[in-house]
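These notes are about the structure you will find just below.
FYI, side chains are in, hydrogens and waters are out, and symmetry mates aren't considered; it's all heavy atoms of this structure. In each ligand, atom 1 is the first atom listed, and ligand 1 is the first ligand listed.
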Amino acid sequence: MTSRRTRMRLIERLRQEGIVNEEVLGVMAEVPRHIFVDEALAHRAYENTALPIGHSQTISQPYIVARMTELLCGGNALESVLEVGTGSGYQGAILAHLAKQVYTVERIDPLLDRARKRYAALKLNNIHTKLADGHWGWPEKGPFDAIMVTAAPDKLPEELLGQLKEGGRLVIPIGEDGKQYLSVITRRGNECEEELVEAVRFVPLLGGVVR
Ligand code: SAH
């Protein structure tokens, strides 16, 4: 159920849904998604679906992970990236194969704790984690080549734009439940360019920290 064949079937599905970046598809074929869900759900880890991870949160659907990763990379080599919303840790593990350094911020401590253990087990030593409200990014570690937010705010958190390098991209779902759009925002000097990609469904970006 977690065999190579099962994983490759998922990769084929991602191709059919329009994912074209071979590097992203290659990394998705390598990173074991079943490590990032509870054992009881491991048999569903290679379905193209979001799954519960506790604390009312979910590991994103593989298609969404692939799509956001593809948009984040944009064909460029990435030095450092920030992820807001570590969750299970799966998206961060994918990014760790595509960027030199990955910084990831989560507001729910027990989720972050589990993600850290998974990173250690997979020897992903280039992922750095912090328990914090990701609305504020991680200013000490920025500016970043790219930032990915995996929970949806009602409106753009301006702080994050200031932590992007020139030409850097922010990939973020924005909007209330039922009306969310995935956006790619590119920083051009003090201006930014926004592109709406597709309608999506994410858990909300919330404030504060849960211990
Ligand atoms: N990238 C994750 C997706 C998890 S769902 C994965 O691959 O599994 C979104 C996550 O965002 C949840 O864990 C939620 O707790 C977290 N989150 C929500 N608001 C946040 C905030 N303000 N700061 C940091 N994390 C936040």
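- A salt bridge links Arg67 to Glu198: at least one charged side-chain nitrogen sits closer than 4.0 Å to a carboxylate oxygen.
- For ligand 1, the atoms sitting less than 4.0 Å from at least one non-hydrogen atom of Ala151 are 11 (O), 18 (C), numbered in the order shown with element in parentheses.
- Of the listed residues (Gly137, Gly85, Pro157), the one carrying the non-hydrogen atom nearest atom 10 (C) of ligand 1 is Gly85.
- Closest approach of Leu122 to Pro32, counting heavy atoms only: CD2-CG, 4.1 Å.
- In this structure, Thr129 OG1 and Arg116 CZ are separated by 3.5 Å, a value rounded to the nearest 0.5 Å.
- Side-chain contact between Arg33 and Pro62 is present, with at least one heavy-atom pair separated by less than 4.5 Å.
- Remark: minimum distance from atom 23 (N) of ligand 1 to any protein heavy atom is reached at Gly134 N, 2.7 Å.
- Counting atoms of ligand 1 from 1 in the listed order, those under 4.0 Å from a heavy atom of Leu111 are 13 (O).
- In terms of N/O distances under 3.5 Å, ligand 1 is approached by Leu206.
- For the pair Glu47 and Arg44, the salt-bridge criterion is met [side-chain N within less than 4.0 Å of a carboxylate O].
- Taking a 4.0 Å cut-off on heavy atoms, Pro204 registers as neighbouring ligand 1.
- Atoms of ligand 1 lying under 4.0 Å from at least one heavy atom of Val203, given by number and element, are 5 (S), 9 (C).
- Salt-bridge formation is detected for the pair Lys165/Asp145: a Lys NZ or Arg NE/NH1/NH2 atom is positioned less than 4.0 Å from an Asp or Glu carboxylate oxygen.
- When non-hydrogen atoms are compared, ligand 1 lies under 4.0 Å from neither the backbone nor the side chain of Ile53.
- Close to ligand 1: Thr86, with a non-hydrogen atom less than 4.0 angstrom away.
- Contact detail for Leu71 and Arg169: the closest heavy-atom pair is O-NH1, 2.9 Å.
- The heavy atom nearest to atom 12 (C) of ligand 1, considering only Arg107, Gln57, Met148, is found in Gln57.
- In this structure, Gly92 has no heavy atom closer than 4.0 Å to ligand 1.
- A salt bridge links Arg4 and Glu30; the closest N-O separation between the charged side-chain nitrogens and carboxylate oxygens is under 4.0 Å.
- Residue Ile108 has at least one heavy-atom neighbour below 4.0 Å for each of these atoms of ligand 1: 15 (O).
- Side chains of Glu83 and Thr104: a donor on one and an acceptor on the other come within 3.5 Å.
- Between the side chains of Thr69 and Gln91, a donor-acceptor pair is found at a separation under 3.5 Å.
- With a 6.0 Å radius and a threshold of 12 heavy atoms from other residues, nucleotides or ligands, Glu23 has its CD atom at or below the threshold.
- Contacts between Ser88 and ligand 1 below 4.0 angstrom, taking non-hydrogen atoms only, involve backbone and side chain alike.
- More than 12 heavy atoms of other residues, nucleotides or ligands lie within 6.0 Å of OH in Tyr63, so this atom counts as buried by the packing criterion.
- When only non-hydrogen protein atoms are considered, atom 7 (O) of ligand 1 lies nearest to Gln91 N, 3.1 Å.
- Remark: ligand 1 atoms within the under-4.0 Å shell around heavy atoms of Val105 are 24 (C), 25 (N).
- Close approach of ligand 1 to Ala132 is summarised as follows: ligand atoms under 4.0 Å from at least one heavy atom of the residue are 23 (N), 24 (C).
- Nearest protein heavy-atom contact of atom 4 (C) of ligand 1 is Thr58 O, 3.1 Å.
- Phe36 and Tyr119 have tilted rings, their planes meeting at an angle from 30° to 60° on a 0 to 90° scale.
- Looking at ligand 1, you'll find an N or O of Asp133 within less than 3.5 Å of one of its N or O atoms.
- At the top of the distance list for atom 15 (O) of ligand 1, counting protein heavy atoms only, stands Glu106 OE2, 2.6 Å.
- In this structure, Glu83 counts as a contact residue of ligand 1, since one of its heavy atoms falls inside 4.0 Å of the ligand.
- For atom 9 (C) of ligand 1, the closest non-hydrogen atom of the protein is Thr150 O, 3.3 Å.
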